[in-house]
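Any value given below was found using the heavy atoms of this structure, including those in side chains, with hydrogens, waters and symmetry copies removed. Fair warning: this is a prediction, and the values are worked out from it, not measured in the lab.
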Amino acid sequence: MSVKMGLTKQYLRYVPSGNVNIIASSRCNVIFVKLEGQEGRYVATGACEHIIIWDLKLNEKVQVLTGEKTIVTRLASSPDKQCIAAGYEDGIIKIFDLKSGQEVSIFAGHRSEITTLSYDDLGHRLASGSKDTDIIIWDVVAETGICRLKGHKDIITKVIFMSKHNVIISSSKDTLVKFWDLDTEHNFRTLVGHRSEVWSLALTKNNQYLITGCHDNELRLWKLFFIDEGTSECDINLDALNIDEDETTDMQKHPLRCSCVGSILRSSKGRVVSLEVDPSQSILACYGTNNTIELFHFLQESKIHENMSKRLKKKLKKASENPDEANTQLLNAAILKDEIKRLPQIKVSHKVKGLDMVMGKGSELRVCVGVDDNSLDLYSLLVEEKEEPKCLRSIKAHGHRTDVKVVCFSSDNLAFATVSGDSIKLWNRSSLACVRTIECGPALTATFVPGDRYLIVGLKAGTMLIADMASGEIIEKVEAHTKDLRSITLFPDMRGIASGGDDKMVQFWNFELITDFDSTTGAKILSVTHSRTLKLEECVLCVKISPNNRFVAVSLLDTTVKIFFLDTFKFFISLYGHNQPVLCMDISSDSNLIATGSSDRNIKIWGLDFGDCHKSIFAHGNSVTGLAFVPNTHYFFTCGKDGKVKQWDADIYQNIVTLQGHAGEAWTCAISPNGVYVVSCGSDKVIRLYEKTAEPLVLEDEAEEERERAENELITGEMSAVQGQKSQILPSRKTVNSEKGAELILECLEVVKAYDEELSRAKDSNAVELPPLMQAYNCKTSEDLFLEIIKRVRASDLEETLLLLPFTNACEILKMMPRLLKNNFYTELLTRLTVCLIQAHNGPITSNQNLLETLETIKPIIFEKINTLRDTIGYNLHCMLQVKRKLEEDEGVQFFKDATQKKEHKNRIRKNKEKALKRAIMAL
């Protein structure tokens, strides 16, 4: 209901109340996470703007990490699987703590959709790739960007860190694979051997092999090794490794070497979608655009030597049988067939949209698969045995397998039903739980029967189904139409229904109760009997009966809406005006207005008394697919193929509010009989519920907010000429938060300046009253206030915030630095602040003699504070190392990491000696 206050009309706001039906979004991958110390049981999936944690054992949700409006496109778990990094469609990256379910940090640096995320081995850094062709490295601990890497010319498809080396590898649709040295922040090697887009890559076997997947059915293997102090180029047979000779100087200087050693043929056709490895990097999973997952096992050294010996024995036996081949040179090196074992394939029901792997007990491999039909499957495979993979569990009951095309509310407002191409589902409105599921064919329309026990569904085949929602069964199938049944509407007196279809007829049916002969109790069940037929010249798209029981309105394929008298079927009036067919329409509760929505993207409001068009409104960016009046009002909701859901006032012909819509097309919307709830469905497989609140909504305020949002989008997208060069290399980008942070700092500087002037004029400093801002932050001095404001600026936005400050204000901050740095608090923050300001305004600062004197004052203070801090950290580090050595002496053991490093170093030296000896023997 609306409330009039003077000349301003107020409305009550509708807000999102929950989402149902979505299990795993097809636009996001799936990852295993660890909860309650258990690994392999919980999996995280993207669910439009939210992230859902599923318990695969109990087949239920355990946690929902809520988002805002943009959908999740990529997930990555930290090495300890306690945190999740989520990339969104607008380029934002958020990190969530699974234990608390809270948002830990936000990174804004990309300008478009996030396509890949990857943690380093320690979980301290995060690499992100986007459709904007940039790669950004983020410091997760300091919550700020480290660097932005530019070089690719197309969408980034995958980014991964190398362990033990400060190098990342990236692939892109520009057919290139690039190696980046993070110490120097530059690209030192590029693989150019791919002839099509590189869709994914993976590192296996402790970073020994790089696997890349392209548009063909071949996975290319690249051997990676480093020339360090223990290995020289003379110790490695470069000719046998097929290394390109036309390397650039940067490639020759860097110790990493890369060579193509072979390829793996896939059994599937089409392009590679993704390559994934398990945490041990021994299992490689590959899936493409079909429903097949191929698995490859990279064997351990003992197994490789065993395979080599078997192969050499066969060659010796063959040579003894055929003396002509006795001079065949026996290969002492392992080939790919010795090192890689092909595991049985996993076949899923539909296209694979994401997977993750984890090793279970023994040699069991668990693979969780996100399927395109909105489901999750968990498979188990024994790596050491030749057994087919087993599907352990599947999460399907929480959603439809295909797009939901129909929604309708029950008369008691407590439930709503949804119908898709495979099933009917009944949902509890308050708990958003699925109460009942009934299998059926593709449906186009549905409505509840009075009493809410039965649901009548119209199928694409023309059949009308009567479903008993209490028992979960289809009790009757009525051949109502010979072609598609597109619309079913209830009589106002609740005694029957009318149906319209592509067979150019509107059928009228009466309800009746008949005896159920299959029941032993002889109970009565619902049925329908045909009463009348209205024949028309074109296919019927929509049918509505006026609440006063006088008219029946029929939308036809010839773009017109014809209205007939309900009792006699006498033609009353035709509504002309739409350029394309009317897909949806509704009549107000007082039978005065009829609103129509069409494929021409317009909605028209007509008077039902004379059929005159009151107003034509360009409503959506694509076809209007759903329209429904709020009961007892002249407000109505529409949805369209542009994904938006909008509320309108038919009296003043204005858009009241645009609700959070769908990612893709919105198919239809429905309103509860009490007008409190609105439900909509779309191609993103999400069913969204909205609820009316007591919060007032004023059109003027809503329009002002819309303008502010447009201005913010302009602010975040634009770059000034002065800041353009600096902003290109910054990891972050300009955001609304950085604008607000700059405003806070400017306000703080004004307050500090005024307060310091009052102190200088006052004879007694205690007599000067603290400004309200200082009182609000409980600060006693101006330095404390400035520090409080700086601390409230998000770390990832600090550099962009400082770039927005005018030069005069930057000078004021630099002059405050000597006083601030003399305190022993926040040395790192103040040092970073000083360096950022000097970098941003380097030219004007160096040409200002007064500021040079200030910098000369700041320099020794910063060096002194940083040296003190470094000494403290060094002292603590060496104390911890001494404690470690003491523990090793007392316990008589070595820490695992140190022992492993020493063993690897010895093995590397031994292998180099063996290679040198083999080459010497062959030379003789």
Side-chain angles (χ1 to χ4, degrees), residues 20-23 349-350 371-375 394-411 415-429 432-490 497-503 507 509 511 514 516 518-519 525-528 530 540-543 625-626 667-670 679-683 685-687:
V20 296
N21 188 62
I22 188 73
I23 297 174
S349 57
H350 287 76
V371 191
D372 192 32
D373 65 349
N374 191 31
S375 64
S394 184
I395 299 179
K396 293 183 178 180
H398 297 271
H400 290 276
R401 305 279 73 76
T402 57
D403 289 0
V404 179
K405 294 294 183 72
V406 184
V407 293
C408 57
F409 261 101
S410 62
S411 60
F416 59 91
T418 59
V419 189
S420 69
D422 62 340
S423 62
I424 304 167
K425 286 185 178 289
L426 183 67
W427 305 85
N428 185 294
R429 179 195 46 79
L432 298 179
C434 181
V435 179
R436 193 79 66 217
T437 300
I438 305 173
E439 299 297 327
C440 73
L444 299 175
T445 182
T447 184
F448 272 100
V449 173
D452 299 328
R453 176 174 177 176
Y454 299 101
L455 184 74
I456 297 183
V457 180
L459 301 185
K460 195 172 182 181
T463 306
M464 184 189 299
L465 303 181
I466 302 178
D468 188 343
M469 304 307 293
S471 63
E473 297 178 350
I474 303 294
I475 61 174
E476 187 176 1
K477 296 182 180 180
V478 181
E479 298 300 328
H481 295 265
T482 57
K483 294 183 179 180
D484 297 4
L485 200 168
R486 294 193 174 272
S487 180
I488 294 177
T489 185
L490 198 63
I497 57 171
S499 63
D502 282 356
D503 56 0
Q507 306 281 11
W509 311 81
F511 295 140
I514 61 174
D516 184 8
D518 296 333
S519 174
I525 60 173
L526 183 74
S527 182
V528 292
H530 180 260
V540 178
L541 301 180
C542 188
V543 178
T625 55
W667 296 126
T668 189
C669 60
V679 64
S680 66
C681 60
S683 61
K685 293 185 172 64
V686 179
I687 302 166

Which atom of [X] lies closest to which atom of [Y], heavy atoms considered:
X    : Y    : answer
M464 : A480 : CE-CB, 3.8 Å
F448 : L426 : CZ-CD1, 3.8 Å
V543 : S487 : N-OG, 3.0 Å
A443 : K405 : O-CB, 4.2 Å
D373 : S349 : OD2-OG, 3.5 Å

Under 3.5 Å donor-acceptor, [X] side chain and [Y] backbone:
X    : Y    : value
R436 : M469 : yes
T402 : G421 : yes
N374 : I23  : yes
T482 : D503 : no
S410 : A415 : yes

Quick one: are [X] and [Y] in side-chain contact, heavy atoms under 4.5 Å?
X    : Y    : value
W509 : V478 : yes
C434 : H398 : no
I514 : I525 : yes
T489 : T447 : no

Test applied, side chain to side chain contact (heavy atoms under 4.5 Å, CB included); reference residue, I466; option that passes from V449, V457, I475: I475
Roughly how far apart are [X] [atom1] and [Y] [atom2], rounded to 0.5 Å?
X    : Y    : atom1 : atom2 : answer
I424 : I474 : CD1   : CD1   : 4.5 Å
N21  : T418 : CG    : OG1   : 6.0 Å
L455 : K425 : CG    : NZ    : 14.0 Å
K477 : L465 : NZ    : CG    : 6.5 Å
I438 : D422 : CD1   : CG    : 12.5 Å
D372 : K685 : CG    : NZ    : 5.5 Å

Trace of the side chain to side chain contact (heavy atoms under 4.5 Å, CB included) decision for F416 with I687: CA-CA 11 Å; F416 59 91; I687 302 166; 4.0 Å; yes
Evaluation steps, side chain to side chain contact (heavy atoms under 4.5 Å, CB included), between D403 and S420: CA-CA 6 Å; D403 289 0; S420 69; over 6 Å; no
W427 and H400 aromatic ring geometry - parallel, tilted or perpendicular at 30°/60° bounds: tilted
Worked check of side chain to side chain contact (heavy atoms under 4.5 Å, CB included) between F511 and I497: CA-CA 8 Å; F511 295 140; I497 57 171; 3.5 Å; yes
Donor-acceptor side-chain pairing of D452 and S411 below 3.5 angstrom: yes
K483, H481, R486, K460 screened by side chain to side chain donor-acceptor pair (under 3.5 Å) with D502, the one that passes: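 Between D502 and the candidates, side chain to side chain donor-acceptor pair (under 3.5 Å) is satisfied uniquely by R486.
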